[in-house]
Amino acid sequence: MGAKPILIVDNLKKYYEIRGSFLQVLGIKPPTYLRAVDGITFSIDRGEIFCLVGESGCGKTTTGRLIARLITPTSGSILYRPSDELKNYLESQGFTNEYIDLGKRYPKQIDKALRREIQIIFQDPYSSLNPRMKIKDILEEPLIIHGIGDKPSQRLETILKALQEVKLAPPEEFVERYPHMLSGGQRQRVAIARALILKPSLIVADEPVSMLDVSIRVEILQLMLDIKKSRNISYLFITHDLAVASYVCNKIAVMYLGKIVEMGDAEKVVENPLHPYTKALIESVPEPDPRNRLALRKIDIKGEVPSAVNIPPGCRFHPRCPFAMDICRREEPPMIEIENGHKVACWLYAKK
Ligand code: SF4
């Protein structure tokens, strides 16, 4: 404790311009905006698994893509604390700050060095691996791009170690296979090995188990937990599934329509949810015991998630919230801390 966070996200926004009407195309009428991420603030400590949880369209994947530098933010900052190796390199390039803003553009070599430190694991292990490449080539590609291992034999040694680390054994057999010769779980292990092979400090894992059979989800989650422990890696873990989040995460932030509505230690958020939306999400987690299922059924949220183009005024959850008051329809609730880092944005808890 006490160490500085590896990532500090401050008031991050990502808006997409939409010119849907003829007058908008001509520039006579101003464009409308899809507010995918609408001012979120959080930080991730080293060795921590930080979860973004929410329904599809809440902005969690966009946030992951912003942090992995696949897209650029509209505004706000994503401050990343580089490893000692990268820090030394950045200092040699004239960057002397403790943090580097991932939302900014940099010269090619710095971009490349940042890509090495921050890796992403995608949801779909069927489309994230090139079907025409052998596993050996898939894992060798990042090594060649980043100039790791002078000789093919050195690179092969690194590849075999990576496959062993993700428990694909014997690794000598797997290197010669193509992705179609592997199961979904094995493919996701290869995707994890590809992310790990560059020794990253931060991994963005976007729904890494949602397309896998339930029977192998726990194995992959356990593998990610083991790797976190052995390498002290930090994860931004994106999921729609609160049960998955509570299994792997240290902290949870619940997102709704581009905003974080509740955030805190995973245990506190799951056992003592504050926001009506978090409570509803927890109720939607399948409960095998029907008696508990009935006991949980306390919150009944109405309708569908509104479009991120027409975000309701005030609290954006108010059209669906059974507790909505007048102020909820007028003013956005501030994020307030209830206890030790457990925060919520809801007028039920804030001073009106
Ligand atoms: Fe419901 Fe109001 Fe709280 Fe929003 S601010 S979640 S509408 S009670």
Side-chain angles (χ1 to χ4, degrees), residues 9-15 32-43 50-63 76 238-246 249 251-285 287 293-352:
V9 173
D10 187 32
N11 201 17
L12 183 64
K13 293 182 182 173
K14 179 67 184 176
Y15 292 179
T32 37
Y33 289 93
L34 185 149
R35 290 183 274 163
V37 175
D38 202 9
I40 61 169
T41 297
F42 63 90
S43 62
F50 185 96
C51 269
L52 283 179
V53 183
E55 292 167 281
S56 102
C58 71
K60 56 191 192 309
T61 290
T62 305
T63 306
I238 295 165
T239 178
H240 67 281
D241 188 338
L242 252 173
V244 167
S246 61
C249 295
K251 287 204 188 111
I252 290 179
V254 179
M255 277 188 86
Y256 184 78
L257 265 185
K259 281 260 182 209
I260 292 176
V261 296
E262 182 165 357
M263 178 163 57
D265 288 346
E267 221 167 78
K268 280 192 187 139
V269 172
V270 172
E271 281 173 17
N272 181 27
L274 301 170
H275 197 280
Y277 178 63
T278 316
K279 291 182 185 183
L281 276 184
I282 287 174
E283 284 177 27
S284 68
V285 173
E287 167 55 62
R293 221 180 292 155
L294 285 174
L296 277 169
R297 212 154 285 260
K298 288 180 199 136
I299 303 248
D300 192 14
I301 58 170
K302 305 167 259 182
E304 299 291 317
V305 185
S307 151
V309 178
N310 291 310
I311 292 182
C315 168
R316 49 195 70 197
F317 186 58
H318 87 252
R320 303 176 75 194
C321 180
F323 308 108
M325 304 166 277
D326 277 350
I327 192 169
C328 306
R329 296 179 188 93
R330 287 194 319 268
E331 286 179 46
E332 195 154 32
M335 179 69 91
I336 55 159
E337 184 163 7
I338 303 295
E339 51 159 344
N340 293 337
H342 191 175
K343 298 177 183 173
V344 65
C346 172
W347 283 117
L348 291 173
Y349 305 90
K351 281 203 184 98
K352 289 147 196 122

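Order of listing sets the numbers, starting from 1, for every ligand and every atom in it.
Each of the atoms 6 (S) of ligand 1 lies under 4.0 Å from some heavy atom of H275. Near F317, with a cut-off below 4.0 Å to any heavy atom, the atoms of ligand 1 are 6 (S). Every atom of ligand 1 with a heavy atom of L348 under 4.0 Å away is listed here by number and element: 8 (S). Residue-ligand proximity, W347 to ligand 1, at heavy-atom distances under 4.0 Å covers atoms 3 (Fe), 5 (S). Every atom of ligand 1 is numbered from 1 in the order shown, and the set under 4.0 Å from a heavy atom of P276 is 6 (S). Distances below 4.0 Å separate heavy atoms of C321 from the following atoms of ligand 1: 1 (Fe), 6 (S), 7 (S), 8 (S).
Within the 4.5 Å cutoff, side-chain heavy atoms of K259 are placed close to those of E332. In this structure, V309 and Y33 have side chains that are not in contact, with every pair of non-hydrogen atoms separated by 4.5 Å or more. At a threshold of 4.5 Å between non-hydrogen side-chain atoms, the residues N272 and L274 count as touching.
Contacts with ligand 1 closer than 4.0 Å are made by heavy atoms of both the backbone and the side chain of C346.
Between D38 and R316 there is a salt bridge, since at least one side-chain N of the basic residue sits less than 4.0 Å from a carboxylate O of the acidic one.
The protein non-hydrogen atom at the shortest distance from atom 4 (Fe) of ligand 1 is C315 SG, 2.4 Å.
For K60 against E55, the heavy-atom pair with the smallest separation is NZ-O, 3.4 Å.
Metal site remark for atom 2 (Fe) of ligand 1: C328 contributes an N, O or S atom at a distance under 2.8 Å. In summary, no N, O or S atom of H318 is located under 2.8 Å from atom 4 (Fe) of ligand 1.
Pairing of C346 with C315 by a disulfide is not supported, the SG atoms lying 2.5 Å or further apart.
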Handout entry: side-chain contact (heavy atoms from CB on, under 4.5 Å) assessment of V53 paired with L281
Key = CA-CA 9 Å; V53 183; L281 276 184; 4.3 Å; yes
